[in-house]
Amino acid sequence: MRNRILVLIALVFIFQISAQETVVFDNQTSVITTGVPFLLIASDARAAALGDMGVATSVDAFSQNWNPSKYTFSTYRSGLGVSYTPYLSKLVNDIFLGNLTYFNRLNERSAFAASFKYFSLGEIEITDIQGTVLDQVKPNEFTIDATYSLRLGDQFAMAVTGRYLTSDLKINAVDPDAGSASSFAVDISGFYQSEEKAYSDFNGRWRGGFALQNIGPKIQYDDAGRENFLPTTMRLGGGFDFIFDEYNKLAVTAEITKLLVPSPPIYGYVDTDGNGDQNTDPNSSEYEPTIIVEGKDPDVSFIKGIFQSFGDAPGGFSEELKEFTWALSAEYLYQDSFAIRAGYFNESEDKGARKFFGLGAGFKYNVANIDLSYLFSASKVQSPLEGTLRFSLSFNLGDGEYSEY
C-alpha cells in the first residue's frame, strides 16, 4: 500500500473489521468485538461456496477448520490441502489469508491433523504530512494447531484441537509501546454420520455436527492495553445426502452459529439532578458514560464470558436470538469427481447485516481436487470478500484404504 488513504483503511481494518456485531439500542451502538477476527474467515473455497459452513458437511481435507472429527470418516488414508483467499481485493492486492492443512488416519478409529493459517495485512508505508516515509511495516497474524480425532462408535466421532496463535499488528510509528500478542485455544467437536438407508426413490444418509471453537484466554497487545476476547464460536449443523444412484448425489445442509462472547452493555451517565433524565444533567455530555443502564458487565473471564453470552444482550431474549447467524447450502456431486455448490448466509440487520450468496464448483482428477468459489452480497453492507474468486487445492492419498463403517 503506497498512500495514506490505504494506510488508514488498513488501520481501521486492524482494529475494527470482522468478528463484530452491531445493534443500535437507546441511541447507542453496541458492538461485539474480538481479537484475531481472521479466525472467522472461511479459508477454503468449498466452505465459502456453501455459505461459510462446514461443521456438518461431508469430510474433506479442510475439515480441520470446521469439524476435525470428520476425519475418522474419510475413506482416504491421508490428505493435504492448500488454500489462498484475497481480502479487500477491490482496494489492495497484498492482503490475504493462506492455509495449509494435513490429516492422517492412524487406524480404523482415530486420526491426526494439523494446520497452519497465515493472515497478511500487506505492506503499510507510514509517512508524515509532507509525504516523507517514516517506516514500512508488514503486520500479520498466524495460528498453528493440531488435532486428535477418535471414533467413539460406528456413526459418531469426537475431536480435540489445540491451537497457538500470534497477532503481530504493532506499528511503532503509531504506537511506540505496541507489541505482539499471543494466546492459545482449544476446540471441541463432534460429528455423526448415519448408515446409508434405502427410501422409496433413493438412498439417503443423515449428517450432524457441532463445534466449540477458540476457547481460550483473552489476548492483549501490551500491559496497559485492553484485553480482547478470542472469537469463541459455537457451531451446530445438520444435513442429508440424497443418493440417487452410484453417479448422482445431492447434499443439503443447514447451520447456525453464535459468538460466545459477552455483548457490550448500554452505558449511561450519573443522574446528578435526580430528574430521571441523564441528558439534562449539568456537564454530563462532557464525560464518558460509565454506568451500565442495560446488560451486564463484560469485564469477566473467558470462561464466564461463554456462559454470560447466552443472556446478557441489552435488548433481552429477542436480541440474543439476533446474535445467531444461519446458513443453508446444497451440493450436487457427479461420480464424486465434479461438484456444483451454492449457499446462503444470513445475519440480522441489527447485528452486522451480513447477507450473501456463495457459488462454486469442484473438480477431481486422480488424487488432486480443485475447488473455487465466488461471493455475491445480498446486503446493503458490502462484504470485504465480495467479488473475490477463491481457490483451494487438495490431495487425497490412499483411496479406499478405509471404509465408512
Side-chain angles (χ1 to χ4, degrees), residues 42 44 46-47 49-79 81 101 103-113 115 145 147-162 186-199 202-215 232-244 249-258 260 324-333 336 339 341 343 345 396 400-405:
D44 64 286
R46 182 194 180 206
L50 296 176
D52 281 13
M53 70 161 62
V55 74
T57 55
S58 59
V59 61
D60 64 11
F62 296 99
S63 295
Q64 177 78 347
N65 300 319
W66 305 96
N67 188 345
S69 56
K70 295 190 292 185
Y71 284 130
T72 59
F73 290 87
S74 174
T75 59
Y76 298 97
R77 174 177 50 82
S78 62
T101 303
F103 80 90
N104 188 289
R105 288 198 64 174
L106 303 175
N107 50 50
E108 288 282 352
R109 303 188 66 84
S110 63
F112 167 81
S115 71
D145 51 41
T147 292
Y148 178 73
S149 307
L150 180 64
R151 195 102 157 234
L152 303 178
D154 289 341
Q155 301 171 5
F156 181 71
M158 291 190 68
V160 176
T161 302
V186 173
D187 297 353
I188 301 172
S189 61
F191 182 70
Y192 167 83
Q193 181 172 278
S194 73
E195 295 182 358
E196 186 175 326
K197 299 180 180 180
Y199 294 88
F202 55 85
N203 288 358
R205 179 168 51 208
W206 292 95
R207 292 172 280 102
F210 75 89
L212 299 175
Q213 299 177 310
N214 303 311
I215 304 171
T232 306
T233 307
M234 178 185 69
R235 300 182 184 274
L236 300 172
F240 185 79
D241 296 334
F242 294 88
I243 305 172
F244 301 108
K249 182 172 71 173
L250 176 66
V252 294
T253 310
E255 180 176 318
I256 60 173
T257 304
K258 186 184 189 304
L260 303 184
F324 284 84
T325 65
W326 57 268
L328 299 173
S329 72
E331 180 180 44
Y332 168 75
L333 291 94
D336 287 330
R341 307 177 179 114
F345 177 92
N396 294 316
E401 290 196 15
Y402 293 97
S403 61
E404 291 181 347
Y405 302 105

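Because only heavy atoms are used, hydrogens play no part in the values below, and waters and symmetry mates are left out as well, while side chains stay in.
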Those residues that, when tested against Phe242, pass ring-ring contact (aromatic ring centres under 6.0 Å, His included) (two or more places apart): Phe202, Phe240

Search all heavy atoms of Phe210 against all heavy atoms of Ile188 and return the closest pair with its distance. CE1-O, 4.0 Å

side-chain contact (heavy atoms from CB on, under 4.5 Å) evaluation trace for Phe345 with Glu255: CA-CA 9 Å; Phe345 177 92; Glu255 180 176 318; over 6 Å; no

Say you draw a straight line from CG of Asp241 to CD of Glu331; how long is it, rounded to the nearest 0.5 Å? 8.5 Å

State the OG1-CD1 distance between Thr233 and Ile215, to the nearest 0.5 angstrom. 9.5 Å

Without swapping roles, check the side chain of Gln193 against the backbone of Arg205 for a donor-acceptor pair under 3.5 Å. no

How long is the straight-line distance from OG1 of Thr232 back to CG of Leu212, given to the nearest 0.5 Å? 9.0 Å

Give, for atom CZ of Phe156 and atom CZ of Phe73, the distance between the pair rounded to the nearest 0.5 Å. 8.5 Å

Could you walk me through whether Gln64 and Phe103 pass the side-chain contact (heavy atoms from CB on, under 4.5 Å) check? CA-CA 8 Å; Gln64 177 78 347; Phe103 80 90; over 6 Å; no

Heavy atoms only: give me the nearest Leu50-Ser329 pair and the separation to one decimal. O-CB, 3.2 Å

Could you pull out the closest heavy-atom pair between Ala327 and Gly51, with the gap in Å? CB-O, 3.5 Å

Judged by atom type as modelled, is there a donor-acceptor pair below 3.5 Å linking the side chain of Thr72 to the main-chain atoms of Ser149? no

For Lys70 and Thr57, does a side-chain donor sit closer than 3.5 Å to a side-chain acceptor? yes

Ignoring hydrogens and geometry beyond distance, is a side-chain donor-acceptor pair present between Thr161 and Asp145 at under 3.5 Å? no

Indicate whether the side chain of Arg105 and that of Ser74 have a donor and an acceptor atom separated by less than 3.5 Å. no

Between Ala61 and Tyr71, which heavy-atom pair has the shortest distance, and what is it? O-OH, 2.8 Å

Compare all side-chain heavy atoms of Asp44 with those of Asn65 and state whether any distance is below 4.5 angstrom. yes

Under 3.5 Å: donor-acceptor pair, side chain of Tyr332, backbone of Ala251: no

May I ask you to decide whether Glu108 forms a salt bridge with Arg151, counting only side-chain N to carboxylate O separations under 4.0 Å? no

State which residue, out of Val55, Asp52, Thr325, fulfils the side-chain contact (heavy atoms from CB on, under 4.5 Å) condition with Thr257. Thr325

Taken to the nearest 0.5 Å, the spacing of Ser58 OG from Asp336 CG works out to 9.0 Å

Closest approach of Pro68 and Thr147, non-hydrogen atoms and distance? CB-CG2, 3.4 Å

For Phe112, check ring-ring contact (aromatic ring centres under 6.0 Å, His included) against everything at least two apart and list the hits. none

Quick one: does any side-chain atom of Ser69 pair with a main-chain N or O of Phe191 as donor and acceptor, under 3.5 Å? yes

Using only atom types and a distance under 3.5 Å, with no angle test, would you say the side chain of Arg207 pairs donor to acceptor with the backbone of Ala56? yes

Can you give me the closest heavy-atom contact between Leu333 and Ala339, atom names plus distance? CG-CB, 4.2 Å

Measuring from atom CD of Gln213 to atom CG of Asn67, what distance do you get when rounded to the nearest 0.5 angstrom? 8.0 Å

